[in-house]
Number of protein chains: 2
Amino acid sequence: MTTLIDDLKQGNIPAFIPEIAEEEGCGSEVLVQNILDGYTVICRNRLHSFDPIAIGRGTGIKINANIGTAPTQCDFDNEIRKVRIAIDAGADTLMDLSIAGDISGFRRKIMEECNITLGTVPIYEVMSRTDASGGLKPEDMNIDSFLRVMEKQAEEGVDFMTIHAGLRKEHIPLTEKRVLGVVSRGGSLMLRWMRYHGKESFLYEHFDEILAIAREYDICMSLGDGLRPGCTADANDAAQFGELECIGELVQRCKTANVQVMVEGPGHVPLHLIEENIRKQKEICGGVPFYVLGPLVMDYAAGYDHIAGAVGGALAAWFGADFLCYVTPAEHLRLPSAEDVREGVIASKIAARAADLARKRPGEIQRNLEISLARKSFDWKKQEKLAIDPEKFRNTLEKAENSQRKDSRHPCSMCGEWCAIRHSHPE
Amino acid sequence: MTTLIDDLKQGNIPAFIPEIAEEEGCGSEVLVQNILDGYTVICRNRLHSFDPIAIGRGTGIKINANIGTAPTQCDFDNEIRKVRIAIDAGADTLMDLSIAGDISGFRRKIMEECNITLGTVPIYEVMSRTDASGGLKPEDMNIDSFLRVMEKQAEEGVDFMTIHAGLRKEHIPLTEKRVLGVVSRGGSLMLRWMRYHGKESFLYEHFDEILAIAREYDICMSLGDGLRPGCTADANDAAQFGELECIGELVQRCKTANVQVMVEGPGHVPLHLIEENIRKQKEICGGVPFYVLGPLVMDYAAGYDHIAGAVGGALAAWFGADFLCYVTPAEHLRLPSAEDVREGVIASKIAARAADLARKRPGEIQRNLEISLARKSFDWKKQEKLAIDPEKFRNTLEKAENSQRKDSRHPCSMCGEWCAIRHSHPE
């Protein structure tokens, strides 16, 4: 079986390439070259029939929403509702992080409900299976159970998978100097396994076998940052950059295998360290797409972490990150509700679109221009249509208890007769 | 009568100086020198007895919340409720932008209710008085009515006042090239006045008389940017920077008169133009404090402009802005509700604190460190105490339908048994 990279190298251009190039306004040849160079990925399992999207150079910033069951909240219908809300709000991809219930059945349901790019973190399902004998035991995991789960998920059509293979035994002492140790779930499982067995990571040791499955199903590798900083004090530290060096090596191995790859990033990073963080990733990893979680620019915004994440995400994307994992207002506190999911996606979308504008993407310049002209001409219907969330726009406007709403030229109640735009028009 | 600058020049140090220096951790001598150099201001009308704050170099980023009546929403009790909410949520200063009802009476009520730094835009009240003969007439304003209102507000104890004296006749043609013209209310009134009369701005022409009142009551001038860009396409344009040159000249005149001064800024500015915007202001205006509205990094986030404003505000403050005017979710749509006010203040606070952290303010580093250590040790009470909004933190946590909340070590439902922090602790 050939991967997308194999095909492109042989000059076989799938039909979705010109479609994506058209959508992104970048030209098919450029898109193909960027994919061949590793700067851009199209996550698409060969068994998954859908309209894929591109992530990386020359394309708009993309947004991922995480959903999934947990032992304390295992309600498929509720999760499916979140899936719909995330997509409605503008998520480009979904990651199913389920760790409870019939994980496989739930994933099939997601695939039926929503036909967009789907990612997973296979080690979660591996871990959930160690539970049979009562209690989760990270030390019971092994490469065989990992590869079995990975292959099963691959057969189900998963398009990209987070693999924490860059976190090695040698990094453990570095984590012990940290304020907050390890906060990545996958990272902490591998850390515990390595500590218990006193051995090198089975994900790192058997990376070729992992790559073989990725090749077979044409899955995009998303190299997880098990050592992402969990607080701003740990940002850009020796542990994070140590793992990043190893991830850089794994990126090369993916490229050699003609398997598409992206790299995951932090986490908690203060404003002044975001540029260095992105620059390092791009250098060490040969410019492959960078998929960041947040980053959160402070540690104590719980309840509003979608805003702290939008600040960091906008900056990260402007400096070169390509793909933003949403952060919801529930971060650090509980699993997100459906409403949290919506708020999280919209906040990430603001970050993504602000960065697209700063990167001077023509479509983005156009949309900002159009709503500004609609504002000038008091065209509220057009403003609503162009707003980031037309429903919220309409509802907020309608709530205005405003006598002047009867006047179609001035439905907003902010200034009424005092409208600056009106006064400044030459008459 | 002497101003604070006069006093400091004569070596008379008011009691509030060491108190503020202690609070800001900057030392009295440094604070005094920064005030004398114009880098820092303390807005405090000589008739206003309260504990003032400092804005500018060497101090934490401050946040302003706007409140005020409007013809369509003229309910004193509701506005006072907003005042309380804004202060509870962490606003450092208030601006009363009332344009309807007994404006003066309402301001006295605010002063009684809340004893913090209060700012106004006198031209609003000047304008509201042109209404007697039916209909607002910007062309009926004049310097006498302006000075009368300014003096009355000064007598009431207003600490800082926005004066749009930098917008001159020569700038009018520059505004006509814009996508969205003039969106500042004060700016648009002056523009209309100048167009109607074909004369130079009476605020500019009579700036010495304005300064005389400022000196008498020791009011801090806040030079308004009548030409702030109302859309990202107009950011950093000839109109904005043209007015800024004139504002730079007025800054010097304030300094010569020993009157404290700060400068107001945009508005809508895309990410990649924020640094230039701040740098220019600091250069042209001799480093006096920069008071920015947002800035909003995109034009179509109405309903979520507090988030677009937090992104821009964090960046602006990191690059050197000193004072952030909040933006609420109601921006561009209607007057803010009490809840909008709260959301707006918190979003600005996230921007301010993120910038303080990036500027390496010791107190900020400490607070982030403390909550991270509390997170590590599962000390939820301490996390709540340190959170940006303890009430929201508590409520969000309580809503988690989590069986594990009974276990005091793991009240959060995000990961439960899968807690990374737990797994990564060496056991």
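Since this is a predicted model, take the numbers as computed values, not measurements. Below, chains carry the letters A, B, ... as their sequence lines are ordered, and counting in each starts from 1.
- Note on ring orientation: taking the six-membered ring where Trp is involved, the planes of A/H268 and A/H332 are perpendicular (angle over 60°, cut-offs 30° and 60°).
- At a 4.5 Å heavy-atom cutoff, A/L97 makes no contact with chain B through either its backbone or its side chain.
- For the pair B/R353 and B/D356, the salt-bridge criterion is met [side-chain N within less than 4.0 Å of a carboxylate O].
- Heavy-atom distances place the side chain of A/K360, and not its backbone, under 4.5 Å from chain B.
- Checked by atom type and distance alone, the side chain of A/S98 pairs as donor or acceptor with a backbone atom of A/T69 at under 3.5 Å.
- Applying side chain to side chain contact (heavy atoms under 4.5 Å, CB included) to B/V311 and the options B/V297, B/L296, B/I350 leaves one that passes, B/V297.
- Chain A forms the most heavy-atom pairs under 4.5 Å with one residue out of B/I346, B/D234, B/L315, and that residue is B/I346.
- Around atom CD of A/E339, more than 12 heavy atoms belonging to other residues, nucleotides or ligands sit under 6.0 Å away.
- Contacts between A/E370 and chain B at a heavy-atom distance below 4.5 Å are absent for every atom of the residue.
- Proximity to chain B is limited to the backbone of A/R178, based on heavy atoms less than 4.5 angstrom apart.
- Here A/W318 is the residue among A/Y124, A/W318, A/F393 with the most heavy-atom pairs under 4.5 Å with chain B.
- Using a 4.5 Å cut-off between heavy atoms, A/I371 touches chain B through its side chain atoms alone.
- Only the side chain of A/A233 comes within contact range of chain B, with heavy atoms under 4.5 Å apart.
- Atom CD1 of residue A/I172 and atom CZ of residue A/R195 lie 5.5 Å apart, to the nearest 0.5 angstrom.
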Could you walk me through whether A/R367 and B/D299 pass the salt bridge (charged side-chain N to carboxylate O under 4.0 Å, His left out) check? CA-CA 9 Å; A/R367 184 169 172 183; B/D299 302 318; over 6 Å; no

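- Considering only heavy-atom pairs separated by less than 4.5 Å from chain B, the leading option among A/I99, A/L189, A/L357 is A/I99.
- When the side-chain hydrogen bond (donor to acceptor under 3.5 Å, both in side chains) test is applied to B/E125, the partners found at least two apart in sequence or on another chain are B/R107, B/R129, B/K152, B/Q153.
- For A/L191, the part lying under 4.5 angstrom from a heavy atom of chain B is the side chain only.
- Ranked by heavy-atom pairs under 4.5 Å with chain B, the list A/N368, A/V182, A/I388 is led by A/N368.
- Of the atoms belonging to A/S372, heavy atoms from both backbone and side chain fall under 4.5 Å from chain B.
- Between chain B and the options A/V179, A/L386, A/L369, A/I421, heavy-atom pairs under 4.5 Å are most frequent for A/V179.
- B/R185 places no side-chain N or O within donor-acceptor distance of the main-chain N or O of A/C419, the cut-off being under 3.5 Å.
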